[in-house]
Amino acid sequence: MSPEMHEKSPERAAEQHPTRRAFTIASVAAAGLATLGACAESERDDEQGSGEGGGSTHDTFVFGGASDPDSLDPAFASDGETFRVSRQIFEGLVSTEPGTTELAPSLATEWTSSDDGLSYTFTLQEGVTFSNGKPFDAAAVVANFERWYNLRGIAQGEDLAYYYRSIFRGFKTNDDPQLTTSLYAGSTANPDGTVTVNLTAPFAGFLAALTLPAFAMQETGAVEAGGGNGADGSDPRQSAYATGGPVGTGPFVFDSWERGQQITLKRNEDYWGEKAKVATAVVRFISDGAARRQALQNGDIDGYDLVAPADVATLEGDGFQIQNRPAFNILYLGINQALPPLNDLKVRQAIAHAIDKEAVVKNALPEGTEVATQFMPSNVIGYNEDVTTYEYDVDRAKSLLAEAGQANLTIPFNYPTGVSRPYMPNPETIYNAISQQLSAAGITVTPVAEQWSPNYLDTVQGGANHGLHLLGWTGDYNDPDNFIGVFFGAQTNEWGFNDPGLFEALAAARTVTSEQEQETAYQDINEQIMTLLPGVPIASPVPSLAFAAGVDGYTASPVQDEVWNTVTVADA
C-alpha cells in the first residue's frame, strides 16, 4: 500500500463511519452458565420493547467470548479478546470498510501524506468528546502518540508494547538494547485543527497500522490519573485505568468487569456517530467451545465466534445464523532457537518434514481451510508461489535427525488451554495431531499446557523458557509487514534467533512505496524465511460465527474490526 493521498469529503466521511456494521470473537467458564443464563434472562425481561412488526426487541446484546481480556488498555495488548472489547470503547484515526480490509475514515475524516512519505496530516472529526467529557482534538492525538513514544521500563516490554515495538521499533529512550531508532519523529497540533505526524523513514503500512486497536485514541489524562503508564515500575495492565477506568470516544462505555464471568458495556449516550441500538452489550466468557454452543442453543447468549467445524451443520439445521469470516490468518508451529538443538537447521527441517499439514487440516480445522506454505495468507502482497516447502516425509525427517546427532530428540511442546482463536479453534486437538506426527518421526515431545490467560503468551513471548509452541496471527491490516514484519522484523523471545540480514531486509521492505517493488521484495523475503525455517506455517483456517435468528446488523470482518453499534436483537 502506498502512502498516497486519501481524500473523502467530511460529509461522506461522517456518513460512512456511523453506519459501520458490528463484529467480534468469544470466552467464559462452563461452570457458571446456569447463573449467567439466569442473569441474561432477567436483563432481557427488564429490557424488552415492541418491534416494528409487533415483535419484541431486546436492549441487551450478549456475546460469548473465549476468555477474559488481557487488559482494558489496548496499548498493552496483542490478543483478540482484549481487542474485541476495545473496539467498542475506543476508536482510531483510521478504520476499515465493513467486511473488508480497505481503509475508511474514523476519527480522521481525511488525510494526506508528503511526497517523501515522512509526514501525514489528518483532518479530524469535529465536536467529538471522550466519554469523560474531555474534548477529542489535535492536542489529544499528539498526547496519544507522545504517550506511546515516552513509555519506559516494563511498559516497553515485548509482551506489553507488542504492537508499538512491531510498528515503531523504538521509544524516545530505549530500555531494551534490541530496540532501535523509533519510526515516530514527533507530531504537531496545527492552528487549523489538523494534526501532523512525522516519521523518521517512510513506512508503506503506516496508515493501515493505525487501524489497530493498540493505536486507538485514549483520554491520556484519565490514563495518567489511573496509573496506566506504569511510571512507578508496576505492570500497567494491572493499573486502575486498565482494569476499570478506560476512557475512549466509541459507541459504548465501560460499566463493569466480573473476572472469569463477563464484561458489561453501556451505550455512550454522547457518542458522535450513530448511537448503539442496544443499551447494553455483554461479553460473557465461555472458554469451552461446546459450552458456547450450548449457551447459544439455550438462549443464554446471542452469538459467539470460533464455532467448532463439527457444530456448523447442527446449528444451521436448528435455525441459527452462521457467518464465515474471510480467512486472513496463519496458524504456525513456532520453534525457539534459544533452546538447543532447535538452533540446528537440520533439526528444524526434520520437524517440518514430520508434519502432515493436510492431515492436521482434515482432522482439526474447519472446512475451507487452506494449507500454508509461508507465514502469510495467499491474498497478501508478496506471497511467493514458488517458496521452498518441506513435504511430509517421515523417513527424511528421521534421516535429518540422525545427521544432526539427534536421533533420540526430546523437546518441550507448549500449547494453550482455555481458549479458541480464529487460527486455532481447538488447540488441544491441533496439539494432539502434531505431537503424534512428531512421535512417528522419532521426536519425543514433553507437553506443556498453560491457560491462555494469563500465562501462555507471557511464556512464549515474554521469555526463553519454551521449545515448540502453537500460536498464530489474525492479520490486523492488509500489508505484508503485519505478518512477517511482526514475526521476524527483530530479535524476539518467541523465536530466539538473531539474523541481521533478515531484519535488515524487512526494515528496507517497510520503506518501499511502489506496489511492484513491494511484491518483489516480500517474495524474496518469504523465500529467505522458509530457507531459514524459524517455524512451520500450518494453515489459514476459516473461522465461523453463530448467532440467534433474531440478531441483525453484525458483519464479520477479516481483520475482526467489528463494532456493535448497529447490532439489534429481536425475538425469532
Side-chain angles (χ1 to χ4, degrees), residues 1-8 13 74-75 78 90-97 100-124 138 141-142 144-149 161-172 179-190 194-217 376 380-382 475-487 489-490 505-515 517-519 521-522 525 559 561:
M1 179 188 317
S2 62
E4 61 194 7
M5 178 181 291
H6 176 107
E7 292 191 53
K8 293 186 179 174
S78 61
F90 302 106
E91 298 170 304
L93 296 176
V94 184
S95 184
T96 60
E97 296 286 357
T100 77
T101 60
E102 298 301 314
L103 297 184
S106 184
L107 290 175
T109 62
E110 60 184 14
W111 47 85
T112 58
S113 65
S114 60
D115 291 340
D116 59 9
L118 294 178
S119 69
Y120 291 77
T121 297
F122 298 89
T123 301
L124 305 180
V141 176
V142 172
N144 274 271
F145 275 92
E146 288 295 312
R147 177 205 175 196
W148 307 322
Y149 183 53
Y162 189 84
Y163 278 110
Y164 188 87
R165 288 173 61 119
S166 297
I167 300 301
F168 290 95
R169 303 299 172 90
F171 299 84
K172 182 176 182 179
L179 294 165
T180 61
T181 301
S182 178
L183 177 69
Y184 176 68
S187 53
T188 304
N190 302 315
T194 62
V195 62
T196 299
V197 179
N198 300 309
L199 307 179
T200 56
F203 174 37
F206 177 68
L207 288 173
L210 293 184
T211 65
L212 286 165
F215 304 125
M217 295 291 106
M376 63 166 61
V380 177
I381 189 171
D476 302 292
Y477 55 90
N478 196 352
D479 189 271
D481 185 72
N482 184 237
F483 285 92
I484 56 177
V486 169
F487 298 150
L506 282 163
R510 283 163 56 97
T511 68
V512 172
T513 57
S514 158
E515 187 169 305
E517 289 179 300
Q518 264 194 311
E519 183 80 40
Y522 281 106
I525 290 170
V559 291
D561 185 5

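Remember, predicted model here, so these are calculated numbers, not experimental data.
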query: Do W111 and L93 come within less than 4.5 Å of each other through their side chains, counting heavy atoms only?
result: no
task: Only counting residues at least two apart or in another chain, list the ones meeting side chain to side chain contact (heavy atoms under 4.5 Å, CB included) with T121.
output: T112, N190, T194, T196
message: Show, in sequence, the C-alpha distance, side-chain angles and deciding distance for D479 and Q518, and conclude whether the side-chain contact (heavy atoms from CB on, under 4.5 Å) test is met.
response: CA-CA 10 Å; D479 189 271; Q518 264 194 311; 3.5 Å; yes
task: Please identify each residue that fulfils side chain to side chain contact (heavy atoms under 4.5 Å, CB included) with A216, with sequence neighbours left out.
output: F90
query: Any idea which heavy atoms bring F122 and V197 closest together, and the distance?
result: CE1-CG2, 4.1 Å
query: N478 versus E102: any side-chain heavy-atom pair under 4.5 Å?
result: no
message: Please enumerate all residues that pass ring-ring contact (aromatic ring centres under 6.0 Å, His included) together with F171, with sequence neighbours excluded.
response: Y164
Pairwise side-chain contact, F483 with V380, heavy-atom cut-off 4.5 Å (strictly under): yes
Can you give me every donor-acceptor pair (side chain of residues 200-212, partner residue at least two apart or in another chain, under 3.5 Å) with its distance?
residue, atom, partner, partner atom, Å
T200, OG1, S182, O, 2.8
T200, OG1, L183, O, 3.4
T211, OG1, A208, O, 2.6

- request: Could you tell me the separation between the OG1 atom of T511 and the CG atom of L506, rounded to the nearest 0.5 Å?
  value: 11.5 Å
- request: Kindly indicate whether the side chain of R169, heavy atoms from C-beta on, has any atom under 4.5 Å from the side chain of L179.
  value: no
Heavy-atom side-chain contact between L107 and L124 under 4.5 Å: no
query: So which heavy atom on E146 is nearest to which on G186, and how close?
result: OE2-CA, 4.4 Å
field: Close side-chain approach of Y120 and L199, heavy atoms under 4.5 Å
entry: yes
Stepwise side-chain hydrogen bond (donor to acceptor under 3.5 Å, both in side chains) check, Y184 with N198: CA-CA 6 Å; Y184 176 68; N198 300 309; over 6 Å; no
field: Set of ring-ring contact (aromatic ring centres under 6.0 Å, His included) partners for Y522, sequence neighbours left out
entry: none
message: Please give me the minimum heavy-atom distance between D476 and N482, naming the atom from each residue.
response: N-OD1, 2.7 Å
Minimum heavy-atom distance S95-P105, with the two atoms named: CB-O, 4.1 Å
message: Quick one: does any side-chain atom of S113 pair with a main-chain N or O of G117 as donor and acceptor, under 3.5 Å?
response: no
Check: W148 ring centroid to F215 ring centroid under 6.0 Å: yes
query: Less than 4.5 Å apart, any side-chain heavy atom of V94 and any of S106?
result: no
statement: Looking only at heavy atoms, the pair that brings P480 and M376 closest together is CB-CE, 3.6 Å
query: Do V195 and T188 come close enough that some side-chain heavy atom pair is under 4.5 Å?
result: no
message: Can you list everything that forms a side-chain hydrogen bond (donor to acceptor under 3.5 Å, both in side chains) with D481? Sequence neighbours excluded, please.
response: R510
